[in-house]
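Encoded as C-alpha cells, the structure appears first; notes follow it.
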There are 2 protein chains.
Amino acid sequence: MALLQQDATQACAALGKAVGLSAGAAHERVRKLRERGVIRRTTVEVDAAALGQGVLVFVMVESSAWMGEPGAAFGAISGIQEARIIAGSASVLVKLRTAATMQLQDVLRRLYAIEGVSGTQATVAPETFFERPVSPRAD
Amino acid sequence: MALLQQDATQACAALGKAVGLSAGAAHERVRKLRERGVIRRTTVEVDAAALGQGVLVFVMVESSAWMGEPGAAFGAISGIQEARIIAGSASVLVKLRTAATMQLQDVLRRLYAIEGVSGTQATVAPETFFERPVSPRAD
DNA sequence: GGTGAAAAAAACTAGCC
DNA sequence: GGCTAGTTTTTTTCACC
C-alpha cells in the first residue's frame with residue numbers, strides 16, 4: 001500500500017478501492033503504519049528550481065579528525081540538504097543546493113571553517129536521471 | 001509557508017493561524033503553489049530500515065562513453081533511489097539502498113552490466129548527520 | 001482485520017471587502 | 001489577495017461481523 005502513498009493526497013476511500021478494502025479499513029492500515037513509524041511523516045515535494053535553488057552539488061568533505069559530533073556545524077550552513085558520514089576516503093558526504101555556482105564558493109568557505117575539515121571535493125550534478133522514493137514491496 | 005508544509009498533514013486552518021491568515025486564504029495559497037508547480041506533490045516519508053532497506057550506499061559510476069541516455073538502465077535496478085549525471089571525474093552518482101552489504105555485490109554486478117560502465121566506487125554511509133527538505137525563505 | 005454507517009472535521013466554493 | 005459563511009467531501013469513530 002505504501003506504493004500508493006508515494007503518489008497522493010487522495011482520499012482513504014480511493015486508497016481502499018485501489019487495494020480492495022473499505023474506506024475505514026484503509027484508514028486503519030495507514031494509521032498503523034504511521035504508529036509503527038513505517039510512515040515517518042507526510043510532506044510536500046517542493047521544486048528546488050522554483051525556489052531559486054537550481055544548482056545541485058555534492059561535496060566530499062575530508063577531515064583530519066573524527067567527524068562524529070560536528071553534525072550541527074553542517075546543519076548551520078544554509079543550502080545543505082544532507083550530510084552523512086561515509087566509509088570511503090572522504091569523511092562526510094554533503095548534498096547541497098544553491099542558486100548559482102557562484103554561491104558555491106561561499107558554502108565551501110564555510111565548510112572549511114568547520115573544525116577538522118582538511119579538504120573538499122565538489123561535484124556539480126546538472127542532470128538527474130531520476131529520483132524516486134524508497135519503494136517497498138507491495139504492502 | 002512552504003516551511004510548514006515540510007512538517008505536516010495539518011489542517012489548512014492550522015496553517016493559516018500559524019502565518020496569520022484565515023483557513024480559506026491559506027487554502028488558496030497552497031492551491032496556487034500547487035498550480036505553479038512549486039509544490040510538486042504530496043508524499044509520505046517512509047522509514048527505509050523498516051522496509052528492510054537499512055543500508056545506504058553511494059556509488060560513483062565511471063563510464064567510457066557519454067551516459068546521457070541509459071537513465072532507464074539505472075531505473076531498472078531495484079534499490080537505486082537516485083541516479084544523476086555529475087561533472088566530476090566519475091560520470092554518474094547513484095544512491096541506493098539494500099537490506100545488507102551482501103546484496104550490494106549484486107547491485108554492482110548489475111551496474112557493470114550497463115553499456116559503457118567502466119568502473120564503480122561504492123561508499124557506504126552508516127550514519128546520517130541530518131537530512132532535510134529544500135528549505136526556502138519564508139513564503 | 002474487515003465492514004458499513006453515523007459523527008466530526010476538514011477541504012473547497014462563492015460572494016464581498 | 002484576504003475574510004466569512006455556506007456546501008461538499010473526507011477523515012475518524014464505533015458497534016458489529
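Residue numbers start from 1 in every chain, and the chains themselves are labelled A, B, ... in the order their sequence lines are given, proteins ahead of strands. Since the model is a prediction, treat every value here as computed from it, not as a measurement.
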Open item on the list: Under 4.0 Å from a heavy atom of chain B: give me the 5'-most and 3'-most nucleotides of DNA chain D that qualify.
Closed with: D/dG1 to D/dT4
Open item on the list: For a quick test of reading the model, state the closest non-hydrogen atom pair linking A/Ala23 to A/Ala13 and the distance between them.
Closed with: CB-CA, 3.8 Å
Task: Any residue meeting side chain to side chain donor-acceptor pair (under 3.5 Å) with A/Glu131, in chain and number order, not counting sequence neighbours - done: B/Arg84
Task: A/Phe58: hydrophobic cluster co-members (side-chain, 4.5 Å) - done: A/Leu56, A/Met60, A/Ile86, A/Leu93, B/Leu56, B/Phe58, B/Met60, B/Ile86, B/Leu93
- [ ] Please report the shortest heavy-atom distance between B/Ala76 and B/Arg110, naming the atom on each side.
- [x] O-NH2, 3.4 Å
Task: Donor-acceptor pair, side chain of B/Ser64 and main chain of B/Gly116, under 3.5 angstrom - done: yes
TODO: Step by step, work out the salt bridge (charged side-chain N to carboxylate O under 4.0 Å, His left out) result for B/Glu28 and B/Arg31.
DONE: CA-CA 5 Å; B/Glu28 180 68 6; B/Arg31 195 191 60 76; 3.1 Å; yes
- [ ] Classify every nucleotide of nucleotides 4-17 of chain C by which part a protein heavy atom approaches to under 4.0 Å, writing B for the base, S for the sugar-phosphate alone and - for neither, in 5'-to-3' order.
- [x] ------SSSB----
- [ ] Looking only at non-hydrogen atoms, find the nearest pair between B/Arg41 and A/Asp7 and report the distance.
- [x] NH1-OD1, 3.9 Å
Task: Runs of at least three consecutive pairs that involve DNA chain C, where pairs are Watson-Crick or G-U with distances under 3.5 Å - done: C:1-6 with D:12-17, C:8-17 with D:1-10
Donor-acceptor contacts under 3.5 Å from residues 98-108 of chain A side chains, at least two apart:
residue	atom	partner	partner atom	Å
A/Thr98	OG1	A/Ala100	O	3.0
A/Gln103	OE1	A/Ala100	N	3.4
A/Asp106	OD1	A/Arg109	NH2	2.3

TODO: Using distance alone, with no hydrogens and no angle criterion, decide if A/Thr9 and B/Thr42 have a side-chain donor and acceptor under 3.5 Å apart.
DONE: no
TODO: Kindly give the heavy-atom pair with the smallest separation between A/Val57 and A/Ala122, and that separation in Å.
DONE: CG1-CB, 4.1 Å
